[in-house]
Asks: 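Got a structure for you, written out below as structure tokens; questions coming shortly.
These numbers come from the heavy atoms of this one structure, side chains and all, not from hydrogens, waters or symmetry mates. Keep in mind that this is a model prediction, so the values were computed, not measured.
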Amino acid sequence: MSIEVINITKRFGHFTAIDNVSLKIPDGELVALLGPSGSGKTTLLRIIAGLEEFEPGHDADILFHGQSVVGNRVAERRVGFVFQHYALFRHQSVFENIAFGLRVRRGKNRVSRAAIRERVTELIHLIQLDGLEKRYPDQLSGGQRQRVALARALAIEPKFLLLDEPFGALDARVRQNLRRWLRRLHDEIKLTSLFVTHDQEEALELADRVIVMNQGRIEQEGTPVDVFHHPKNAFVMDFLGNVNLFHGRVVAGQIVFDSAHATREGEEVPLFVRPHEIELSADNPDDTGFPATIRRVQLAGAFAKIELVDGSGKEIYVEMSHEKFRRRPFDVEDSVFVVPTQSVVFHEDYVI
């Protein structure tokens with residue numbers, strides 16, 4: 001089942017939370033809505049679920065598999081919604097929490113006790129909590145509670161799964177393990193899913209496609225590889241990971257590196273350089289680098305991280321493999337040359 005959002009706007013008083021947004025999520029995809037706080041991603045998710053209304057407009061619509069759901073109540077939309085803080089019933093067991101959405105059905109939608117038990121037992125096995133069905137939420141870890149919340153959303157056999165910052169309340173290790181588990185689960189059940197996050201690493205690791213939002217608008221959408229390696233604008237480049245901002249100039253149709261404003265020739269343009277796209281050298285034979293002093297070396301973690309400062313006091317961040325650092329170690333107060341190996345320029349005539 002696909003989701004299509006067409007020309008949706010949402011205002012809270014004078015504040016525009018969603019500004020004429022359109023997007024389409026194909027059947028079976030796991031898509032991330034990524035952006036900073038206040039970018040409109042959660043509001044958009046709630047509009048899709050039917051928890052918020054949008055501004056009326058003759059061409060504004062929400063389509064589920066090609067059919068408009070505008071005016072449909074939340075229950076009629078058959079959406080599974082997972083909240084950041086679990087929203088579990090503390091006085092009910094794991095089993096009863098998962099069964100809740102099935103037990104409240106009435107009339108022709110009523111589910112038999114035997115069918116409820118079969119469905120809940122199946123879900124408990126799916127979320128790998130066998131043997132814990134009689135426990136209460138306070139007796140579970142954060143990761144276990146979030147899995148129960150996910151199972152409760154899946155119990156009603158939703159058409160779509162919507163998750164609002166599902167791992168935001170968990171510590172880093174649990175969050176990492178749980179998102180890997182969710183990716184495996186999605187690959188198994190193939191349910192069209194949309195999740196909100198402000199965590200770039202989470203979106204890039206988990207999603208089939210990433211939609212980057214800012215100030216109520218979509219800045220870029222594409223695969224994780226597309227948005228990270230081919231950002232469309234400065235906001236996306238800066239938001240998706242660490243980046244150094246340097247100065248360049250357009251001289252005779254070419255981009256010239258000008259780290260310290262040494263010349264005023266040509267139009268000034270910003271150069272964006274990732275920390276791993278910088279080399280450090282003891283000399284500057286090709287005159288392609290500029291001098292800086294190492295201020296801090298951090299070796300704990302997957303990469304060696306080096307902080308430097310140039311003559312104007314500008315901070316520069318460099319990352320390299322530990323193997324590379326061992327071949328040429330650096331110490332605090334070392335004077336080196338910073339040599340960018342690759343840069344991105346956002347300019348009306350130049351995108352490099």
Asks: Please determine, by modelled atom types, if E319 and Y317 share a side-chain donor-acceptor pair under 3.5 angstrom.
Replies: no
Asks: Do we see a donor-acceptor contact under 3.5 Å between the side chains of D199 and T197?
Replies: no
Asks: Taking atom types as modelled and ignoring hydrogens, do the side chains of N214 and S39 form a donor-acceptor contact shorter than 3.5 angstrom?
Replies: no
Asks: Determine the minimum heavy-atom distance between V210 and P224, stating which atoms define it.
Replies: CG2-CG, 4.1 Å
Asks: Taking the side chain from S22 and the backbone from N7, do they hold a donor-acceptor pair closer than 3.5 Å?
Replies: yes
Asks: Could you tell me which residues satisfy ring-ring contact (aromatic ring centres under 6.0 Å, His included) with F83, sequence neighbours excluded, listed by chain and number?
Replies: F81
Asks: What pairs with Q220 under side chain to side chain donor-acceptor pair (under 3.5 Å), at least two apart in sequence or on another chain?
Replies: none
Asks: Can you give me the closest heavy-atom contact between Q298 and A300, atom names plus distance?
Replies: NE2-CB, 2.9 Å
Asks: Looking at K41 and G35, would you say the former's side chain and the latter's main chain have a donor-acceptor pair under 3.5 Å?
Replies: yes
Asks: Quick one: side chain to side chain donor-acceptor pair (under 3.5 Å) partners of E205, sequence neighbours excluded?
Replies: R179
Asks: Going by an N to O cut-off under 4.0 Å, is there a salt bridge joining R119 and E122?
Replies: yes
Asks: Is it the case that the ring center of F303 lies less than 6.0 angstrom away from the ring center of F325?
Replies: no
Asks: Do F100 and F89 have their ring centres less than 6.0 Å from each other?
Replies: yes
Asks: Kindly compute the distance separating CD1 (I62) from CZ (R77), expressed to the nearest 0.5 Å.
Replies: 6.5 Å
Asks: Spell out, as yes or no, whether a donor-acceptor pair under 3.5 Å connects the side chain of T16 to the backbone of I18.
Replies: no
Asks: Taking NZ, NE, NH1 and NH2 as the nitrogens, is one of them in D187 or R183 under 4.0 Å from a carboxylate oxygen of the other?
Replies: yes
Asks: Of all the heavy-atom pairs spanning P231 and H229, show the shortest one and how long it is.
Replies: CD-C, 3.4 Å
Asks: Which heavy atom in V243 sits nearest to a heavy atom in M237, and how many Å separate them?
Replies: CG2-CE, 3.9 Å
Asks: Do T192 side-chain atoms and D27 backbone N/O form a donor-acceptor pair below 3.5 Å?
Replies: no
